[in-house]
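These numbers come from a predicted model, not from an experiment.
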There are 2 protein chains.
Amino acid sequence: MKIGELAKRSGLTAHTIRYYERIGLLPYADRDRSSRRDYDASILVWIEFLGRLKTTGMPIRDMLLYAELRDRGSGTEAERRALLERHRESVRAHVDELNACLLALDTKIGGYAETEQRMKDYDATLPERRRKPVGARSARTR
Amino acid sequence: MKIGELAKRSGLTAHTIRYYERIGLLPYADRDRSSRRDYDASILVWIEFLGRLKTTGMPIRDMLLYAELRDRGSGTEAERRALLERHRESVRAHVDELNACLLALDTKIGGYAETEQRMKDYDATLPERRRKPVGARSARTR
DNA sequence: CTACGTGTTCGAGCGCACTCTAAGTCAAGA
DNA sequence: TCTTGACTTAGAGTGCGCTCGAACACGTAG
């Protein structure tokens with residue numbers, strides 16, 4: 001599989017695939033006689049895994065750490081597992097936070113929903129907004 | 001309340017507060033005789049609201065849009081509500097996605113957990129990783 | 001033979017959201 | 001009076017994760 005095909009299948013762009021290889025997120029790919037990358041379908045498994053780490057907010061530097069542990073092979077399983085478990089905890093915490101925000105958002109939206117008559121502008125309970133006075137450079141003489 | 005105090009109470013830095021004012025996320029604050037910002041406690045309500053939008057992944061440009069609608073006052077409630085509702089949907093979708101990733105992560109971690117004997121290296125099922133051969137600039141003569 | 005499409009490398013550029021620096025101002029306490 | 005420290009401004013710099021451009025190399029179809 002050439003890079004264009006892999007791009008299509010993985011959802012990454014060819015640019016991004018090369019970038020990932022450059023930084024070490026993807027292994028250095030085999031090249032054909034004319035130096036073109038030729039991929040085995042199994043690379044998709046790894047890319048999908050990286051995608052999940054990315055979706056869940058793991059920074060590239062941590063994915064890199066995981067990739068390096070994997071490169072070192074056996075003897076690093078405990079560390080890899082620990083890394084994943086720490087990440088899982090942070091994702092769970094984030095999901096909790098998002099759910100709390102969703103509740104608050106429901107309340108806020110509920111405020112807008114309340115009888116258009118009785119509550120013309122729910123936001124009026126928040127402070128009045130002012131703009132920067134143009135021209136006048138504040139009270140200072142400068 | 002001076003900017004230092006607001007920074008402490010809001011969790012933002014004074015730098016960030018000034019930056020938010022500059023871009024229009026925070027209203028232009030009243031200044032005392034010596035041009036220093038003097039805040040009313042009510043600003044905290046707005047900052048907390050912005051914090052929730054930020055936590056849930058809303059880009060600043062959208063918060064700005066909301067802030068501008070609020071500035072325009074009544075007549076914009078429907079649009080503000082719609083903006084929030086669209087955002088709520090995207091947050092819900094993201095939470096679903098995160099939960100799906102959490103399931104996959106559980107499976108992955110479960111793989112590491114499986115009897116250390118039978119599965120020395122679960123990752124061995126993934127493609128072998130290679131490194132870029134140093135020196136040798138591929139087969140090409142250049 | 002030539003044109004085209006797809007690939008290659010290196011390195012610069014971008015959008016986002018801050019984060020920090022420099023140089024100056026001011027009020028209050030020793 | 002002097003010093004300290006919290007503030008002011010405009011503007012430059014940072015870190016992240018891509019994203020793009022330029023110039024060149026192949027292989028195949030017409």
Side-chain angles (χ1 to χ4, degrees), chain A residues 1-39 43 47 50-67 90 132-142, chain B residues 1-26 28-39 43 47 50-67 132-142:
Chain A
M1 188 180 5
K2 290 293 188 300
I3 201 172
E5 177 70 11
L6 179 60
K8 241 170 265 167
R9 292 206 198 180
S10 67
L12 300 177
T13 68
H15 277 308
T16 302
I17 292 168
R18 289 191 206 101
Y19 165 70
Y20 279 3
E21 180 182 304
R22 211 156 68 212
I23 65 172
L25 256 196
L26 292 180
Y28 183 77
D30 284 335
R31 308 299 210 259
D32 65 12
R33 305 176 219 65
S34 41
S35 300
R36 295 178 178 198
R37 291 167 181 81
D38 204 350
Y39 293 95
I43 193 71
I47 291 178
L50 290 178
R52 277 192 289 275
L53 294 184
K54 180 187 163 176
T55 293
T56 51
M58 182 184 283
I60 282 183
R61 92 182 71 88
D62 291 358
M63 299 186 206
L64 236 31
L65 187 55
Y66 185 89
S90 83
K132 176 169 186 174
V134 286
R137 246 173 143 64
S138 90
R140 285 159 73 204
T141 329
R142 201 188 151 184
Chain B
M1 186 182 1
K2 291 293 188 299
I3 200 171
E5 176 70 11
L6 178 60
K8 240 170 265 166
R9 291 206 199 180
S10 67
L12 301 177
T13 68
H15 277 308
T16 302
I17 292 168
R18 289 191 206 100
Y19 164 70
Y20 278 2
E21 179 183 305
R22 211 156 68 214
I23 65 173
L25 256 197
L26 292 180
Y28 184 76
D30 285 333
R31 308 298 211 258
D32 65 13
R33 307 174 218 67
S34 39
S35 301
R36 293 173 181 203
R37 291 168 180 82
D38 203 351
Y39 293 96
I43 193 71
I47 291 177
L50 290 178
R52 276 192 291 274
L53 294 184
K54 180 185 163 176
T55 294
T56 51
M58 182 183 283
I60 281 185
R61 92 182 74 86
D62 291 357
M63 300 187 207
L64 235 32
L65 187 56
Y66 185 89
K132 177 170 185 173
V134 285
R137 247 171 143 62
S138 90
R140 283 160 73 204
T141 328
R142 200 187 152 182

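- Taking for each of R22(B) and K2(B) the nucleotide of DNA chain D with the nearest heavy atom, the 5'-most of the two is the partner of K2(B).
- Residue E21(A) contributes atom CD, which lies 18 Å from atom P of dT19(D) at whole-angstrom precision.
- The nearest whole Å value for the distance from the CG atom in D38(B) to the P atom in dC7(D) is 11 Å.
- Of the candidates dG17(D), dT19(C), dC7(D), dT19(C) carries the atom nearest the T16(B) side chain, counting heavy atoms from C-beta on.
- Look at Y20(B) and you'll find a side-chain N or O under 4.0 angstrom from OP1 or OP2 of dC18(C).
- We find that CG of D30(A) is positioned 13 Å from P of dT8(C), with the value rounded to whole Å.
- For R37(A) against dT8(C), no side-chain N or O and base N or O form a donor-acceptor pair under 3.5 Å.
- Rounded to an integer number of Å, the gap from OH of Y39(A) to C1' of dT8(C) is 12 Å.
- Computed from coordinates, the Y19(B) OH to dG15(C) P distance equals 14 Å when rounded to whole Å.
- Side-chain atoms of H15(A) lie closest to dG21(D) of the nucleotides dG21(D), dA12(C), dA12(D).
- Put simply, CZ on R18(A) is 8 Å from P on dG7(C), counting in whole angstrom units.
- Put simply, the side chain of S34(B) never gets that close to the backbone of R36(B): no donor and acceptor are under 3.5 Å apart.
- Of the candidates I43(B), I3(B), L6(B), I3(B) is the only one forming a side chain to side chain contact (heavy atoms under 4.5 Å, CB included) with R37(B).
- Legend: salt bridge (Lys or Arg N to Asp or Glu O under 4.0 Å) pairs involving residues 4-18 of chain A, not counting sequence neighbours, sorted by first then second residue: E5(A)-R9(A).
- Distance from the side chain of R36(B) is smallest to dT25(C) among dC18(C), dT9(C), dT25(C).
- Judged by atom type and distance alone, R61(B) does not reach the base of dC16(C) through any side-chain donor-acceptor pair under 3.5 Å.
- The I3(B) side chain lies nearest to dC7(D) when the options are dC7(D), dG11(C), dT8(C).
- Here the side chain of D38(A) pairs no donor or acceptor atom with the backbone of D30(A) at under 3.5 angstrom.
- For R31(A), the listed nucleotide lying nearest its side chain is dT9(C); candidates were dC18(C), dT9(C), dG17(D).
- K54(B) has no side-chain polar atom (N or O) that falls below the 4.0 Å cut-off from OP1 or OP2 of dA17(C).
- Atom CD1 in I17(A) sits roughly 14 Å away from atom C1' in dT19(D) (whole-Å rounding).
- Note: CZ (R33(B)) to C1' (dC7(D)) measures 15 Å, nearest angstrom.
- With respect to D32(B) and K2(B), a salt bridge is recorded, a charged nitrogen being found less than 4.0 Å from a carboxylate O.
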